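Residue numbering restarts at 1 for every chain, and letters A, B, ... go by the order of the sequence lines. Model, not experiment: these values are computed from the prediction. Just the heavy atoms: all of them, side chains too, but no hydrogens, waters or symmetry mates, feed the values below.
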Amino acid sequence: MRVATWNVNGLRSRLDFVKIWLRERRPDLVALQELKLEDERFPHEELEAEGFVAAVYGQKAWNGVAVLAREEPEILQKGLPGHGELGSRLLTVRAGGLSFTSVYCPNGKSVGHEDFPRKLAWFESLADHLRATGTPARPAIVGGDFNICPEGTDSWNEAGKKDKIFHTDEERARFRALLDLGMVDLYRRLHPDRQAFSWWDYRAGAFHKNQGLRIDFLLATAGVGEASAVEIDREFRKKQEGLTPSDHAPVWADVSA
DNA sequence: ATGTCGGATCATATCCGA
């Protein structure tokens, strides 16, 4: 079974691009983030034509998460309890024999901004929620845009970004706490020394210069087992058939479940 | 280059967020 996560940066603008990727990579379970649309505007019919049934937790203009599955997913959770004011950022379903979560973690803007402590608190609540729902003890995958570089190698400019947003010890401690629940970053486990990024700023030719960050992850519990392949789909950060890509590349993994 | 995107709005230009 192929699972994936992708921050699409606006599903209405990205739909044709997403369809190209779905046809090329044939995933079975996809966590989408940054839909930027309300539930009633989700393109169910077009995605059903591609062979997917979607569960959606949308929001007007900002945020919004969804899961694409091969069979009707059962919704287990919409939203991180206690954090509704930060928008639609979490959706958990039962699909493909897994608990499967799509998360769009808060950006935080900058250290010192009022959003930064909110980001840290959001991560603490995410860990609490996963623990309280017994997620680590079950076959589960949490996929999404975490807006944190867990280690120096996950940044194109670790030295220059020291103590800057996405690179702080505070954020890294919150991310590590998720792993300490009993989850593993599937990409990093299979590629322990590889520097690869999943996001590049649209501005300043960042992609061309490979000035990126690895901030999109598939976190899996022990019940999922080892992935036979995990890739960051850099090809799909490039234009496809003249269509503009998201600023994030998809990340996919082949798991045995 | 504070350089590009997507989306919303007292819209046809400017803002916000990333």
Next item on the list: Could you check whether the rings of A/Trp199 and A/His248 sit parallel, tilted or perpendicular, using 30° and 60° as the cut-offs?
Entry: tilted
The side chain to side chain donor-acceptor pair (under 3.5 Å) partners of A/Glu235 (sequence neighbours excluded) come to A/Lys238
For A/Leu35, the hydrophobic cluster (side chain heavy atoms closer than 4.5 Å, chained through members) also holds A/Trp6, A/Val8, A/Leu11, A/Leu15, A/Phe17, A/Val18, A/Ile20, A/Trp21, A/Leu22, A/Val30, A/Leu32, A/Leu37, A/Phe42, A/Leu47, A/Phe52, A/Val56, A/Leu68, A/Phe236, A/Leu243, A/Trp252
Walking DNA chain B from its 5' end, the first of A/Gly205 and A/Asn63 to be reached, judged by nearest nucleotide, is A/Gly205
TODO: Pick the C1' atom in B/dT12 and in B/dA18, then give their distance to the nearest Å.
DONE: 25 Å
Indicate, with a heavy-atom threshold strictly under 4.0 Å, whether A/Ala204 touches base, sugar-phosphate, or nothing. base
Inset, instruction - Quote, to the nearest angstrom, the P distance that separates B/dT9 from B/dT2. - result: 30 Å
Exercise for the section: Considering only atom C1', compute the distance from B/dC5 to B/dC10 and round it to an integer number of Å. Expected result: 25 Å
So what does A/Asn9 hit on the nucleic acid, given a heavy-atom distance under 4.0 Å: a base, only sugar-phosphate, or nothing?
sugar-phosphate
All heavy atoms of A/Tyr187 vs all of A/Ala196, minimum pair found to be OH-CB, 3.2 Å
Here the residues of residues 32-49 of chain A within 4.0 Å heavy-atom distance, strictly under, of DNA chain B are A/Lys36
Expected list for residues 13-25 of chain A near DNA chain B, using heavy atoms below 4.0 Å, is A/Ser13, A/Arg14
The correct set of residues in residues 104-114 of chain A placing a heavy atom under 4.0 Å from DNA chain B is A/Tyr104, A/Asn107, A/Lys109
Worksheet item: Taking the side chain as C-beta and beyond, is there a heavy-atom pair between A/Arg237 and A/Asp247 under 4.5 Å?
Response: yes
query = How far does the P atom of B/dA1 sit from the matching atom of B/dT14, given to the nearest Å?
reply = 24 Å
Its 5'-most and 3'-most nucleotides having an atom under 4.0 Å from a non-hydrogen atom of chain A, DNA chain B is contacted over B/dG3 to B/dA18
Looking at A/Glu45, I'd like to know if its CD atom is crowded, meaning that more than 12 non-hydrogen atoms belonging to other residues, nucleotides or ligands lie closer than 6.0 Å. no
Of A/Asp145, A/Thr5, A/Asn9, A/Asn7, the one forming a side chain to side chain donor-acceptor pair (under 3.5 Å) with A/Gln33 is A/Thr5
Paired with A/Met183, the side-chain contact (heavy atoms from CB on, under 4.5 Å) test is passed by just one of A/Leu219, A/Leu218, A/Val224, namely A/Leu219
**Asked** Under 30°, 30 to 60°, or over 60°: which ring-plane class applies to A/Phe146 and A/Phe123, parallel, tilted or perpendicular?
**Response** tilted
Is the shortest side-chain N to carboxylate O distance from A/Glu158 to A/Arg172 below 4.0 Å?
-> yes
Check: Is there a chain of hydrophobic side chains (I, L, V, M, F, W, Y, each step under 4.5 Å between heavy atoms) that links A/Val3 to A/Val230?
Finding: yes
Note: for A/Tyr202 and A/Trp199 on DNA chain B, the residue whose nearest nucleotide lies more 5' is A/Tyr202
Does the side chain of A/Asn147 come within less than 4.5 Å of A/Glu171's, by heavy atoms? no
Exercise. If you measure from the Lys or Arg side-chain nitrogens to the Asp or Glu carboxylate oxygens, is any gap between A/Glu231 and A/Arg194 under 4.0 Å?
Worked result: yes
If the P atom of B/dA8 is compared with that of B/dG3, how far apart are they to the nearest Å? 22 Å
*Taking atom C1' in both B/dA11 and B/dC16, what distance in whole Å separates the two?*
15 Å
TODO: Tell me, yes or no, whether the heavy-atom count around A/Lys78 atom NZ, taken from other residues, nucleotides or ligands under 6.0 Å, exceeds 12.
DONE: yes
